[in-house]
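First up is the structure itself, then whatever we jot down about it.
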Amino acid sequence: MLSPVNVSLESLNLVTLAPMLIAVVGALSILVIDFFKSNLDKTLYVMVSLLFLLLDLGAVIDSAGFFMENGTMLGFFDVMLIDGLAILSQIIIVGASMLFIPLALTSKRFHEFSYPEFFALFLFMIAGFQFMVASDSLILIFIGLETASLALYTLIALHNRSKSFEAAVKYFTMGALAAGFYAMGSMIFYAITGSVEINQIAAVLQADNYSNIGYVLIAVVFMLASFGFKLSLVPFHTWTPDVYEGSSAALAGYMSIVPKIAGFIVVMRLFEFLIHSGVIWLEVVLYASVVITMTAANIWALVQSDVKRMLAYSSISHAGFVMAAILIGTTQSNSALFLYWIVFAFTNLGAFTMLWVSRAKNLPAGQSSDHSFEKFSGMIHTAPMTATVMGLFMLSLAGLPPFGVFWGKIYMIGSAVSAGYTVLALIMALNSAIAGYYYIKLIVYMFMKDPVNPGDYMINASNSLKTIIGVAVIFTIFSIVAINPLLEVITAFVYNSGY
Amino acid sequence: MEMLLYTALFSPLVGSLFAALFSTSKKTLIAGVIPSALLFLSFISSAILLTHVLNGETVQVEMMTWMATGNLYIPFGFAVDQVSVTMMMVVTIVSTVVHVYAIGYMDHDAGFNRFFAWLSAFVFSMLILVMSDNFAGLFIGWEGVGLCSWGLIGFWFHKEVATWAANEAFIMNRIADLAMLIGIFLVYWNTGTLQYTEAFAAMPYLDHSIVVMMGVFLFIGAMGKSAQFPLHTWLADAMEGPTPVSALIHAATMVTAGVYLVVRANPMYDLIPEVGIFIASLGAFVAMFAATMALVNRDMKRIIAYSTLSQLGYMFVAAGLGAYWVALFHLMAHAFFKALLFLGAGNVMHAMDDELDPFKMGGLKKSMKWTWIMMTLASVALAGIYPLAGFFSKDLILEVAFVEHHYILYTVLLLTAGLTAFYSFRLVALIFHGEERHLEHGFHPHEAYKFMLWFMAPLGVLAVIAGMVFKSPYFEMVTQLLPRTEYHIHNPVVFWIMTIGTQVFVIAAIAYAYSKYKNAKIDKKTEEGFFYQVLFNQYYIPQFYEEFFVKPYRELSSILWKQVDMKIVDASVDGIANIFYKTGVNTRGMSSGNLSTNLKWMVVGLVILLALAVVFAVIVQNGDAVISVLHDLGAI
Amino acid sequence: MMEIGLSHYLILTTILFSIGLVGVMRRKNLLMLFFATEILLNSVNIGFAAISYYIGDFTGQMFAFFIIAIAASEVAVGLGLLIVWFKRTGNIDLDSMISMKG
Amino acid sequence: MLEHILSILIFFPALAGALGFIVNKNSMRAYGVTVGAIEFALSLWLWFSYDSGVSGMQFMESVSIIPAFGITYLLGIDGISLFIIIMASFFTMIGIASLSPTKNEKNLIITLLFLQMTMIGVFAALDAIIFYVFWELSLVPMLYIIGAWGGPKRIYASVKFFLYTFTGSLVMLVGMLFMAYFYHQATGQWSFSILEWYRLILPETYQLWLFVAFFFGFAIKVPMFPFHTWLPYAHGQAPTIGSVILAAVLLKMGTYAFIRFSLPLFPDASVFFMIPIAVISIIMIIYTAMVAYAQEDIKQVVAYSSVSHMGVIVLGTFALNVEGITGSVFLMIAHGIVSGALFLLVGVIYDRRHTKLMSEFGGLAKVMPNYAIIFGMMMMASVGMPLTINFVGEFLSLLGFYQQSHMLTLLAGTAIIVGAIYMLAAYKKAFFGEITNEANRNLPDVNKRELGALIPLVIIMVWLGVYPKPVLEPINNSVESIVQLMHDKAITPAAKAAIPDVSKPKPVIQRAPAHAAAKHTSAHEGGH
Amino acid sequence: MFEAIAFYTFSFLTILMFSITVMTSQALYALTAMAAGMIFISAFFFMLSADFLGAIQIIVYTGAVMALYAFGMMFFDTTREVKEKIQNKNIVFVLGTMVALLVVAIFMAPVVSENIHALYPIQEGLGNTEQVGIVLFTKYLIPFELAAIMLLSAMISGIVLAGKKMDNSLTLMADEEIELMQEANEKVNS
């Protein structure tokens with residue numbers, strides 16, 4: 001017979017759920033507002049979203065406090081897992097979202113921001129990502145992933161022009177395939193361990209001493225393929241440039257940060273024990289994919305004629321670079337991942353925002369894409385400040401000291417060095433050199449060529465966009481001051497989470 | 001004393017700087033007069049210093065530190081001793097004369113001021129060279145005179161040949177200077193110092209081979225400056241400079257720096273007699289070699305230049321054989337009469353509008369009496385006729401060779417003495433005697449300014465008396481520092497036979513030259529002969545250098561730049577960059593934009609990973625079996 | 001062979017999954033492509049149910065349950081995109097979507 | 001103020017540059033000169049306050065920035081860096097002062113001021129990462145200067161310059177991270193402080209690899225053969241001011257870094273690589289001199305001559321004894337002065353004729369006598385005439401290396417020959433002969449602005465050639481301590497033998513003792 | 001024995017149906033075959049005593065397929081062949097076969113692990129649906145709720161994308177046009 005299920009509220013550990021709940025409530029309240037009164041201005045939704053995100057961030061930071069005291073928290077029948085990784089990644093996710101959402105306040109009107117559904121879906125998506133990072137159950141990860149992804153596809157399509165539909169369809173279709181891979185991978189893990197929780201899987205595999213190596217490997221293969229898509233590792237990356245080009249620059253920038261950090265967290269949870277299991281295969285395959293992703297993406301970025309596509313490839317390359325952290329698998333490298341991603345987030349968001357402010361409704365005359373290099377020709381003469389800021393972001397992305405990404409880069413390469421991955425460290429360094437070329441290319445256009453079409457560059461700018469750029473600039477330049485506190489916090493969180 | 005030393009040393013510098021102030025402005029007489037006066041001051045100081053030295057007082061001062069690092073310590077140190085004071089006297093006398101002479105000679109030249117700046121700078125460098133008490137200071141002067149020589153040879157920089165000759169002289173000297181530098185390094189690392197006294201004091205304790213190396217390298221340095229074979233070609237080409245320059249630099253002073261160096265380094269060369277023999281042999285060879293080229297040359301200044309070269313060979317024979325004081329003595333005497341000869345040639349050139357071919361002259365004694373007298377005097381002195389200077393200095397070298405039992409050297413030198421007399425008087429005969437051929441060419445010769453002649457007079461006097469009067473006091477003085485060896489042929493019969501024989505031989509040569517060239521008959525047959533052509537073309541050595549060094553260097557440079565640097569080194573750098581770019585261009589099709597392809601790529605990735613996984617799994621699970629299978633296949 | 005074990009189901013899963021893959025790669029029509037993605041997810045469901053049965057654990061069924069939910073959501077969003085695309089361009093052929101490449 | 005003078009020196013120009021955005025275009029030059037003069041005055045004050053008797057670091061500043069990773073804002077100078085810093089501020093000042101009217105003058109001056117910050121930063125940094133920060137940052141203003149104000153191929157040249165050096169320095173960065181890692185292994189602490197690293201004695205194999213890693217960064221910067229090909233392009237295309245700064249200061253970063261990093265950190269590797277590097281240096285000297293001889297563009301001649309001279313500097317550095325290293329440091333300054341001046345001079349003629357091809361000139365000595373004189377003096381300095389600044393450095397460098405290898409020094413010594421060949425040939429082509437090109441007939445001679453830049457250089461060139469002591473002495477003291485450090489750290493017998501022990505008394509050479517000793521003391525008194 | 005026969009039969013049918021779905025060029029055949037395949041899959045669920053799952057499968061896919069039918073009708077002439085330019089057919093099959101072979105190669109090996117501990121063991125005597133209920137509302141409460149959110153957002157997405165709001169692209173319209181349009185809308189609404 002059925003016995004009554006007694007569950008005490010404390011054991012649920014509600015605090016673990018609070019941040020996501022806030023985001024969901026926020027989304028719902030936006031829908032409710034819209035239900036009562038439609039045709040409200042986007043500024044309202046932006047601010048409401050921002051407020052909920054603020055609360056969300058507060059809740060995350062609150063749970064960070066709990067984490068520092070009590071260590072890793074489990075909640076809701078151990079489905080929720082709040083450890084340092086979850087907290088750090090949620091901070092990045094929510095923080096980046098907060099930087100992103102004001103980008104809706106453009107001076108030109110764009111389709112997506114005119115509708116409250118956009119903001120509701122946006123918050124749902126954030127909740128999805130948060131669930132994804134705050135769990136080690138493959139089921140919840142899957143649902144979180146799909147919640148976020150489905151919302152994201154829609155957000156892309158909402159830009160409402162043919163390129164964005166094309167982008168959304170491509171992303172969606174490949175995402176569906178990746179979901180299939182994910183399901184298959186989970187199934188195999190389940191087959192060999194009888195569990196879909198990563199901790200449990202790890203425990204069983206270790207107890208078995210990886211006797212079912214064949215099963216383990218193909219499970220890993222399917223997972224790698226699935227997350228290879230999410231993190232755009234070569235050859236699963238092909239959607240990235242198209243999707244970035246098709247979406248609005250703001251969203252593209254967002255996509256280069258948030259979905260990927262969520263993906264990294266899952267990959268880290270899943271692969272960390274596998275890397276340390278002594279399965280050489282995984283190391284070799286990860287090594288290869290890291291190197292290929294970094295290098296190939298860089299090489300393709302070299303030949304782009306559109307800045308946004310170039311930045312898309314550059315994001316792929318950066319993701320490959322960061323993927324090395326998973327391969328290296330030390331506390332230092334995992335901390336480096338977070339550090340890198342934080343500094344990268346500011347810079348990359350800044351760079352994409354710079355594209356966003358220059359976005360005209362229609363294609364610039366005589367150009368086939370929104371942000372072709374020609375558009376930036378001679379900007380130093382027409383818009384010196386803008387050119388300087390853009391140049392700054394490019395230099396930072398190139399890893400030029402003392403700008404943001406550099407610190408992430410040296411800490412990452414440093415971790416490779418410390419773990420004995422000498423050749424990898426060299427490859428990482430040399431890839432930065434290749435990358436230098438295409439970042440410099442934009443600088444060359446802006447600073448060294450003569451203007452071709454003197455137009456208002458800041459056509460789409462508004463004060464809030466400028467503020468976001470200002471924040472990104474300040475962080476990028478003065479990141480040197482922030483690195484130490486960041487590093488200390490990150491290392492503490494990562495270390496205490498056992499990674 | 002110190003004051004005198006500094007006066008002697010720095011007044012030419014002051015003069016040079018003074019003239020340099022006007023270097024870009026129009027001719028100002030004062031720019032010539034002041035340096036000349038300052039040089040005279042320098043001469044007076046040197047003379048006073050000479051009196052001190054004659055009394056046995058030498059001066060050594062250290063002005064200031066130049067370089068000091070590690071164990072190296074190089075000061076600006078100057079010494080006035082018996083050797084350097086000799087050189088100082090020679091330099092100051094000749095240069096004073098030349099300066100004054102040049103005021104007249106350069107009268108109409110646009111670069112008058114600049115000329116004096118260079119010329120005084122040269123004197124300063126030369127004085128540094130001779131007065132320095134260490135190798136580094138010597139090197140400063142060494143390079144300084146090279147620089148000034150460059151500036152003065154190329155003085156008429158609008159002339160292509162002049163600038164070419166200047167560069168040639170500079171570069172050739174540089175080649176030798178490298179050896180000199182290496183010699184200096186050797187001295188430093190083996191003795192720990194560059195001061196002459198200390199270094200020489202340490203040398204007897206060194207490994208013999210090291211000393212040999214020092215001697216050789218330093219001598220190669222000397223060879224460059226003194227234009228010894230095979231670095232001799234620049235000297236003849238250097239005649240493109242104004243004649244006072246030739247007189248001062250390329251006859252009296254700079255070219256003798258090599259001899260000075262060997263004399264200065266006598267404690268070292270005494271340790272390595274084998275190098276000395278080499279020096280002497282080379283000297284004898286050059287004496288002969290240069291004299292032969294002088295025989296047929298048709299350029300007045302070049303003839304004198306070859307003569308200089310020949311005489312330098314004499315000096316090296318003496319120095320190489322250890323007769324340092326003899327070498328120095330000949331250096332001094334030679335400076336006087338050779339400078340005189342050049343200045344006379346300058347007068348002739350002036351008169352002939354810079355014509356240099358003596359075959360176009362003739363009979364000039366009518367219009368240029370004084371010049372004729374002085375040039376004849378100088379030629380007689382050069383030929384070594386008693387009682388002029390050459391007799392006492394040059395024939396002494398023959399005696400040295402004889403006494404030291406180097407009979408081959410002796411024979412060569414003796415023959416050369418004959419040749420010397422021949423070509424000297426060939427020149428005199430062609431210029432001053434015979435018909436006035438120059439009239440055919442439309443020249444209207446005139447005698448030089450009076451003051452120029454007046455100032456040449458001291459040289460003439462010195463050319464006459466230097467040997468006879470100075471020899472014994474000089475010997476007494478200089479042998480306080482140099483080995484006091486007297487070279488006497490003790491058998492009086494041999495002595496007289498030799499002395500008289502030599503005189504007769506030389507006079508015969510003079511007579512033959514005079515008779516042959518009085519009328520400037522050109523013997524076509526001889527001229528077309530092989531030997532004549534070889535000599536006339538300077539043994540084809542300049543052509544050889546041009547073909548085998550200059551051209552290949554130029555071409556190789558061009559190849560290195562255009563082929564190696566641009567097409568290999570740079571192209572490979574760009575090539576590496578291009579590999580990446582081309583790869584990008586060729587593979588960007590992977591993102592074809594077609595969703596179907598994208599999906600296929602994902603599956604391809606999956607398949608690759610799966611294949612790797614299966615292979616790995618099979619290997620792990622059937623490790624032993626796989627290995628044995630591979631073993632059977634002979635793969636392992 | 002007659003004893004049906006877990007492997008049988010897993011192999012069936014694989015075969016169906018591969019059919020789904022073939023469909024995904026082969027189809028140029030967007031709607032038909034969505035069918036193939038459904039096949040992918042459903043094939044995995046068989047595997048989950050089988051594992052769940054053979055190891056006597058309930059989790060597999062739960063996973064399958066959620067996969068069905070996910071599949072349903074994907075259909076909703078996918079069809080939404082499909083409609084928009086069709087409205088805008090008048091066809092749903094993949095080969096028409098090549099405005100962005102490189 | 002004195003305790004923060006290095007920070008002030010570094011950041012003052014940058015701050016001034018940032019404020020310069022506000023200054024009106026027309027007054028920008030005056031502003032730039034003022035800032036440059038203040039900076040130069042500050043650097044002179046630095047020299048004045050520098051205690052030349054002390055061999056170690058002075059004016060140290062230390063602020064921990066990223067203690068978690070051992071990165072400290074650590075500054076300090078010794079005799080080696082002091083003069084390069086002074087030179088950097090000096091050249092920026094006269095560079096701005098001598099600037100011929102250009103478009104976007106304001107941007108150029110601001111860029112120069114930023115460049116100055118990075119240059120001084122490189123030479124003052126004692127923390128590897130801070131060093132690296134400035135090292136890399138210096139590329140950016142230079143990229144802009146070449147790319148925006150350069151010749152027709154400026155973009156190619158600037159990008160090549162940037163990427164080439166960037167690549168090299170990234171390899172170096174990996175080396176630095178390794179170094180920090182080894183330090184971490186040895187002490188349990190992260191540190192990038194060079195002074196801390198000095199205390200580390202590494203096994204030889206590690207030294208070799210790290211040496212190679214650092215070498216890439218430095219060699220490309222120097223630039224050493226075969227990594228030199230960016231330089232002719234950069235110089236050929238750069239505007240005058242760019243070439244001047246590049247030649248005078250930026251190239252010195254590489255050779256300076258050899259002395260600051262490679263030698264003391266890896267003494268055994270330095271000895272191991274001494275001969276190969278010497279061979280490369282000799283190739284640099286001879287090969288690039290020959291290439292310079294073949295050039296048609298006078299600026300390229302000077303550019304290649306830079307490479308050739310840098311060869312002597314590297315050779316002197318790898319003499320690994322006090323004489324050689326002191327010589328090479330001095331030669332860095334000398335080469336800075338001389339090649340800087342030569343580039344300024346080329347700029348003078350370029351401003352007038354807008355061409356640098358020697359075939360376009362000829363007989364310039366007649367129309368521009370003052371110009372010819374100054375050019376001639378600088379040329380003679382460049383070929384190493386004694387009593388000019390170059391000679392001191394070249395002499396000491398070669399002298400130093402002679403201790404290590406006789407043959408190689410002989411080959412390297414050909415520098416004085418081949419150098420003369422291309423320089424004299426170029427001078428002859430441009431200045432001598434008749435005026436063949438009518439366009440040259442009425443060229444104005446150097447004007448006051450140009451003289452204002454050139455005369456100080458001439459004065460320095462002669463002054464330090466005649467009396468190098470004020471510069472040589474501080475350098476010598478610092479170099480002695482570095483050589484001593486290397487000797488003490490060396491582990492292989494070969495290295496112990498090759499690196500002299502400075503602390504030991506001067507090797508006694510057999511000679512008449514009383515005489516020599518007496519002489520020597522008196523000599524020293526004379527020197528002071 | 002019965003089990004084996006059922007398994008092989010349904011396997012054959014499922015594979016056949018899905019193959020048709022994938023291979024046919026008739027849209028309606030494909031739709032129908034897929035629907036059939038889905039139903040056959042539910043048979044496996046029933047065989048594996050996952051009754052609830054089987055039921056859900058039938059319900060969901062009937063619903064979903066109905067919807068698909070509707071769309072199929074909308075987009076295609078039901079009798080016409082769908083034209084697809086299919087290049088490189090072979091690659092597709094090679095890749096598909098390779099995936100199958102490689103995975104099957106591993107799946108041939110038995111899954112053995114003594115360390116499997118069922119977290120939610122299937123209890124005898126309880127109905128499948130009841131057990132689903134228990135697990136769903138305890139352990140998988142959060143996923144369940146999240147799935148609800150997912151469905152909600154998917155629904156919103158579907159409505160937004162398919163609805164009228166996407167008809168006019170504000171992104172491409174000039175500001176004046178947008179205002180004109182909004183005024184028109186307000187008039188309609190009022």
Side-chain angles (χ1 to χ4, degrees), chain A residues 137-140 142-143 145-147 149-151 153-154 156-158 160-177 179-188 190-197 215 222 241-246 300 303-306 309 313 368-369, chain C residues 6-7 9-10 13-14 17 20-21 24-25 27 30 33-34 36-48 50-52 54-57 59-60 62-67 69-71 73-78 80-82 84-89 92 94 96-102:
Chain A
S137 160
L138 291 177
I139 294 179
L140 188 55
F142 196 18
I143 303 173
L145 177 69
E146 284 300 316
T147 311
S149 299
L150 293 174
Y153 307 143
T154 316
I156 294 168
L158 278 177
N160 202 351
R161 53 176 192 164
S162 50
K163 271 190 179 177
S164 55
F165 296 138
E166 184 179 331
V169 170
K170 282 180 176 171
Y171 197 9
F172 171 81
T173 316
M174 295 178 78
L177 181 59
F181 290 161
Y182 182 90
M184 188 73 177
S186 312
M187 186 201 86
I188 302 167
Y190 181 52
I192 43 177
T193 62
S195 172
V196 291
E197 279 168 40
Y215 279 87
F222 278 103
D242 293 358
V243 171
Y244 280 36
E245 192 186 339
W300 289 318
V303 296
Q304 297 305 316
S305 56
D306 181 86
R309 270 186 98 78
Y313 277 112
S368 60
S369 55
Chain C
L6 182 53
S7 287
Y9 281 98
L10 291 180
T13 301
T14 311
F17 191 81
L21 279 182
V24 165
M25 285 186 284
R27 284 300 186 197
L30 205 51
L33 206 157
F34 290 166
T37 59
E38 294 298 315
I39 296 173
L40 283 181
L41 290 175
N42 273 287
S43 67
V44 176
N45 276 354
I46 299 176
F48 268 118
I51 298 163
S52 166
Y54 281 97
I55 62 177
D57 180 64
T59 312
M62 287 290 84
F63 210 129
F65 173 77
F66 285 116
I67 287 178
I70 286 167
S73 314
E74 279 191 356
V75 168
V77 176
L81 288 170
L82 193 72
V84 181
W85 181 253
F86 186 76
K87 274 187 192 166
R88 202 49 62 87
T89 62
I92 48 171
L94 288 190
S96 68
M97 281 187 232
I98 44 164
S99 70
M100 299 177 289
K101 61 184 166 203

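Given the structure is predicted, the values throughout are model-derived calculations rather than measurements. Just so it is clear, the values below take in all heavy atoms, side chains as well, and ignore hydrogens, waters and symmetry mates. Numbered from 1 within each chain, the chains take letters A, B, ... in sequence-line order.
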Minimum heavy-atom separation for [X] to [Y], with atom names?
| X | Y | answer |
| --- | --- | --- |
| C:Ala36 | C:Gly20 | CB-O, 3.6 Å |
| A:Ile143 | C:Phe66 | CD1-CD2, 3.3 Å |
| C:Ser96 | C:Trp85 | OG-CZ2, 3.8 Å |

Which atoms of [X] are under 4.5 Å from chain C, going by heavy atoms: the side chain, the backbone, both sets, or neither?
| X | result |
| --- | --- |
| A:Ser186 | both |
| A:Tyr215 | side chain |
| A:Asn160 | both |
| A:Leu138 | both |
| A:Tyr313 | side chain |
| A:Ala179 | both |
| A:Glu245 | both |

Problem - Among C:Asn45, C:Leu40, C:Thr89, C:Ile51, residue most engaged with chain A (heavy-atom pairs, under 4.5 Å) - result: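 Top option by heavy-atom pairs under 4.5 Å: C:Ile51.
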Problem - Option that, when pairs with chain A are counted at under 4.5 Å, heavy atom only, ranks first among C:Thr37, C:Val24, C:Val77 - result: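 Most pairs with chain A among the choices: C:Val77.
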Problem - By salt bridge (Lys or Arg N to Asp or Glu O under 4.0 Å) - contacts of C:Glu74 (at least two apart) - result: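 C:Glu74 satisfies salt bridge (Lys or Arg N to Asp or Glu O under 4.0 Å) with no residue once adjacent residues are dropped.
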Practice task
Find the one option among A:Arg309, A:Glu146, A:Lys163 whose heavy-atom pairs under 4.5 Å with chain C are most numerous.
Solution key: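 Of A:Arg309, A:Glu146, A:Lys163, A:Arg309 has the most heavy-atom pairs under 4.5 Å with chain C.
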Practice task
Tell me, out of A:Met187, A:Lys170, A:Glu166, who's got the most heavy-atom pairs with chain C below 4.5 Å.
Solution key: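 The residue among A:Met187, A:Lys170, A:Glu166 with the greatest pair count is A:Glu166.
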Problem - Pairwise side-chain contact, C:Phe34 with C:Leu81, heavy-atom cut-off 4.5 Å (strictly under) - result: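 When only atoms from C-beta onward are counted, C:Leu81 and C:Phe34 do not touch, as no gap falls below 4.5 Å.
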Handout entry: Close side-chain approach of C:Met97 and C:Leu94, heavy atoms under 4.5 Å
Key =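 They are in side-chain contact.
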Practice task
Tell me, please, which residues at least two apart from A:Tyr153 pass ring pair (Phe, Tyr, Trp, His ring centres under 6.0 Å).
Solution key: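 A:Tyr171, A:Phe172.
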